[in-house]
S.K.: 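One structure, as structure tokens, below. Some questions next.
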Amino acid sequence: GLGRVVIFVDQNLLAYPHDYLIGLFKQVNKLGMLWAGEGTIVDALINKEGEVLIFNDELMQTMAKNCIGFLVGVEDFSGKVRGAAKMNILQKKFPEIAAALREYKMPVTYSLVYGTDEQAFPDVFTTTVKRVLDLGITILPHIATPRAGTLWEKRLREEDRIPKEFGSADLNQRYNI
């Protein structure tokens, strides 16, 4: 039943030291508990530089054992995501990372965000569908939506960009969604 399921509510479960996580998931497994969570998968890598990516094998095997779902933020497949170096690694090496997670038999869902400045509308949808089918992955799509009162919302309102081609009326009219 649900009494044997743990949901780790943390934006990046993999940000903790690997030794700590290995011990934690050994206990979860020993208790026969199932678990779900999310994290920046690049943080499970030992070697993040160069052409060869090396996962912490003990960590990944221990985590995969009783995992019923792991959410990995990809943002998009444009290769133009602004921000952390970790996201650049993920973007460049995504096929290899997805293949490695498949080998560990982790049930992974990849989170994608539509509506960022870096995306070419409407091509982003076609590109995403092709990439998802080519990679054989499961995605959870989101529409970028600024929270009320944030600087992002203020900027988008000042630029008269709410909605900017990603509004429901626009999508319905253009794509008969």
Side-chain angles (χ1 to χ4, degrees), residues 7-15 35-45 48 50-53 55 60 63-64 67-177:
I7 299 174
F8 292 98
V9 183
D10 190 311
Q11 291 181 351
N12 186 7
L13 187 58
L14 294 168
W35 72 275
E38 65 180 292
T40 302
I41 199 62
V42 174
D43 286 335
L45 294 167
K48 299 176 183 141
E51 293 302 310
V52 179
L53 300 179
F55 277 96
M60 296 307 294
M63 287 179 66
C67 179
I68 57 172
F70 195 72
L71 183 68
V72 173
V74 176
E75 307 314 326
D76 75 15
F77 292 124
S78 71
K80 301 175 189 171
V81 176
R82 288 185 278 173
K86 291 177 190 177
M87 191 55 69
N88 292 331
I89 294 168
L90 179 62
Q91 291 286 320
K92 284 185 207 171
K93 299 290 188 175
F94 187 79
E96 295 95 327
I97 290 171
L101 292 174
R102 218 176 345 269
E103 283 183 32
Y104 286 112
K105 297 183 175 29
M106 280 190 77
V108 175
T109 299
Y110 298 92
S111 174
L112 298 173
V113 179
Y114 292 114
T116 65
D117 290 339
E118 291 78 22
Q119 295 169 335
F121 183 83
D123 298 338
V124 66
F125 299 114
T126 306
T127 303
T128 299
V129 169
K130 181 179 180 343
R131 192 90 190 262
V132 166
L133 292 174
D134 288 348
L135 293 168
I137 61 172
T138 302
I139 66 166
L140 177 62
H142 306 278
I143 301 292
T145 308
R147 293 187 189 266
T150 62
L151 292 176
W152 185 35
E153 182 210 24
K154 181 181 179 201
R155 189 186 86 210
L156 292 179
R157 287 200 185 283
E158 288 170 355
E159 294 172 3
D160 195 29
R161 294 175 53 203
I162 296 180
K164 177 201 173 190
E165 296 185 330
F166 279 85
S168 60
D170 189 59
L171 290 173
N172 286 332
Q173 182 180 20
R174 292 183 188 206
Y175 296 100
N176 196 23
I177 295 176

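For reference, positions follow the sequence shown, starting with 1.
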S.K.: About how many Å separate CD1 of I41 and CG of L13, when rounded to the nearest 0.5 Å?
M.R.: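 Interatomic distance, L13 CG to I41 CD1, rounded to 0.5 Å: 10.0 Å.
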S.K.: Does T40 reach the main-chain N or O of D43 with its side chain, forming a donor-acceptor pair under 3.5 Å?
M.R.: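 No; zero donor-acceptor contacts below 3.5 Å.
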S.K.: Roughly how far apart are M60 CE and L101 CG, rounded to 0.5 Å?
M.R.: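 Here the interatomic distance stands at 5.0 Å.
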S.K.: What pair of heavy atoms forms the shortest contact from P107 to C67, and how long is it?
M.R.: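 Minimum heavy-atom contact is CG-O, 3.3 Å.
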S.K.: Hey, could you give me the CD/CD distance between E153 and E158, rounded to the nearest 0.5 Å?
M.R.: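 Here the interatomic distance stands at 10.0 Å.
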S.K.: Answer yes or no: does atom CD of Q11 have more than 12 heavy-atom neighbours from other residues, nucleotides or ligands under 6.0 Å?
M.R.: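 Open: at most 12 neighbouring heavy atoms sit under 6.0 Å from CD of Q11.
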S.K.: Specify whether F125 and Y114 have parallel, tilted or perpendicular ring planes, treating 30° as the upper limit for parallel and 60° as the lower limit for perpendicular.
M.R.: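 Aromatic pair F125/Y114 classed tilted.
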S.K.: Using a cut-off of 6.0 Å, state whether more than 12 heavy atoms not belonging to L151 lie near its atom CG.
M.R.: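 Not more than 12 within 6.0 Å, no.
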S.K.: How far apart are the closest heavy atoms of G39 and N12, and which atoms are they?
M.R.: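 Minimum heavy-atom contact is CA-OD1, 3.4 Å.
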S.K.: Tell me the closest heavy-atom pair linking R131 and F94, and the distance in Å.
M.R.: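 R131 and F94 have their closest heavy atoms at NH2-CB, 4.1 Å.
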S.K.: Which heavy-atom pair separates M63 from W35 by the least distance, and what is that distance?
M.R.: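 For M63 versus W35, the nearest heavy atoms are O-NE1, 3.0 Å.
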S.K.: Can you tell me how far the CD1 atom of I97 sits from the CZ atom of R102, to the nearest 0.5 Å?
M.R.: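 CZ of R102 is found 12.5 Å from CD1 of I97.
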S.K.: If you count every heavy atom of other residues, nucleotides or ligands that lies below 6.0 Å from I7 atom CD1, does the total exceed 12?
M.R.: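 It does not: I7 CD1 has 12 such atoms or fewer within range.
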S.K.: Apply side chain to side chain contact (heavy atoms under 4.5 Å, CB included) to residues I139 and T128 and explain how you reach the verdict.
M.R.: CA-CA 10 Å; I139 66 166; T128 299; 4.1 Å; yes
